[in-house]
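Residue numbers start at 1 and run along the sequence shown.
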Amino acid sequence: PGQGPYCETNFTVSFFVPFADQTSPPEPTDPTVFTSSLAQMTAFVRSFGGFATSFDWTQNAEALAKSLDNATESYHKEFYYTAGYDGPYRPTNRHNEVWFIKKD
């Protein structure tokens, strides 16, 4: 969850750079857009379908957190990632994920 009431005030939107372009990604022309890399990590992932709403993201993150707590896994509880893999024009068979990152 992000900071603020109802965890809705701290979001970063990211896009995957294709493997062929990762060694030299295009430079953004907008100063508020930037490239970043994630360090290697282990993620605990829960997948679900449909057009995800804020409620769906939160509900699935809570379910994953509960499963991890029951399994006594050590993970970063202060944030989670969301991943949607389909464009808005794909009406069926959509794939979404929530991720918690394993603590080392």
Side-chain angles (χ1 to χ4, degrees):
Q3 300 167 343
Y6 309 108
C7 307
E8 295 180 359
T9 60
N10 185 11
F11 290 95
T12 301
V13 176
S14 301
F15 295 93
F16 179 78
V17 175
F19 289 113
D21 298 320
Q22 287 183 7
T23 56
S24 183
E27 288 297 321
T29 57
D30 185 321
T32 63
V33 176
F34 57 91
T35 57
S36 65
S37 298
L38 293 175
Q40 185 173 344
M41 61 184 164
T42 299
F44 298 105
V45 178
R46 178 179 171 94
S47 299
F48 62 100
F51 279 91
T53 64
S54 296
F55 178 78
D56 296 320
W57 295 117
T58 303
Q59 184 180 39
N60 280 278
E62 288 174 357
L64 177 56
K66 184 177 180 180
S67 293
L68 294 172
D69 290 341
N70 288 341
T72 64
E73 293 287 353
S74 180
Y75 64 99
H76 291 278
K77 297 180 182 188
E78 62 275 11
F79 66 92
Y80 63 89
Y81 290 94
T82 62
Y85 294 93
D86 303 296
Y89 299 110
R90 182 173 184 153
T92 59
N93 299 318
R94 298 178 63 81
H95 183 85
N96 308 296
E97 297 174 349
V98 290
W99 308 352
F100 280 105
I101 307 305
K102 183 177 181 175
K103 284 188 175 179
D104 292 327

Count the heavy atoms of every other residue, nucleotide or ligand shown that sit under 6.0 Å from NZ of Lys66, and state whether that count exceeds 12. no
Residues passing the side-chain hydrogen bond (donor to acceptor under 3.5 Å, both in side chains) test with Ser14, sequence neighbours excluded, are none
Can you give the donor-acceptor pairs under 3.5 Å from side chains of residues 38-46 to other protein atoms, not counting sequence neighbours?
from: Arg46; atom 1: NE; to: Asn60; atom 2: OD1; distance (Å): 2.8

Checking Asp30 now: which residues fulfil side-chain hydrogen bond (donor to acceptor under 3.5 Å, both in side chains) with it, not counting sequence neighbours? Thr32
Mind checking the OH-NZ spacing from Tyr75 to Lys102? Nearest 0.5 Å is all I need. 13.5 Å
Using modelled atom types and a 3.5 Å cut-off, is there a donor and acceptor pairing between side-chain atoms of Gln22 and backbone atoms of Val17? yes
Residues in side-chain hydrogen bond (donor to acceptor under 3.5 Å, both in side chains) contact with Thr53, at least two apart in sequence or another chain: Asp56
Are the side chains of Leu68 and Lys77 in contact, using a 4.5 Å heavy-atom criterion? no
Nearest heavy-atom pair of Val98 and Leu64: which atoms, and what distance? O-CD2, 3.7 Å
For Phe16, what residues pass the ring-ring contact (aromatic ring centres under 6.0 Å, His included) criterion, not counting sequence neighbours? Phe19
Do Tyr85 and Tyr81 land in one hydrophobic cluster if side-chain heavy atoms of ILVMFWY residues count as linked below 4.5 Å? yes
Which word best sums up how the rings of Phe48 and Trp57 line up, parallel for under 30°, tilted for 30 to 60°, or perpendicular for over 60°? perpendicular
Nearest heavy-atom pair of Asn96 and Gly50: which atoms, and what distance? ND2-O, 2.8 Å
Contacts of type side-chain hydrogen bond (donor to acceptor under 3.5 Å, both in side chains), residue Trp99, not counting sequence neighbours: Glu97
Check: Phe15 and Val13 side chains under 4.5 Å, non-hydrogen atoms: yes
Distance col, row Phe100:CZ vs Glu78:CD, nearest 0.5 angstrom, shows 9.5 Å
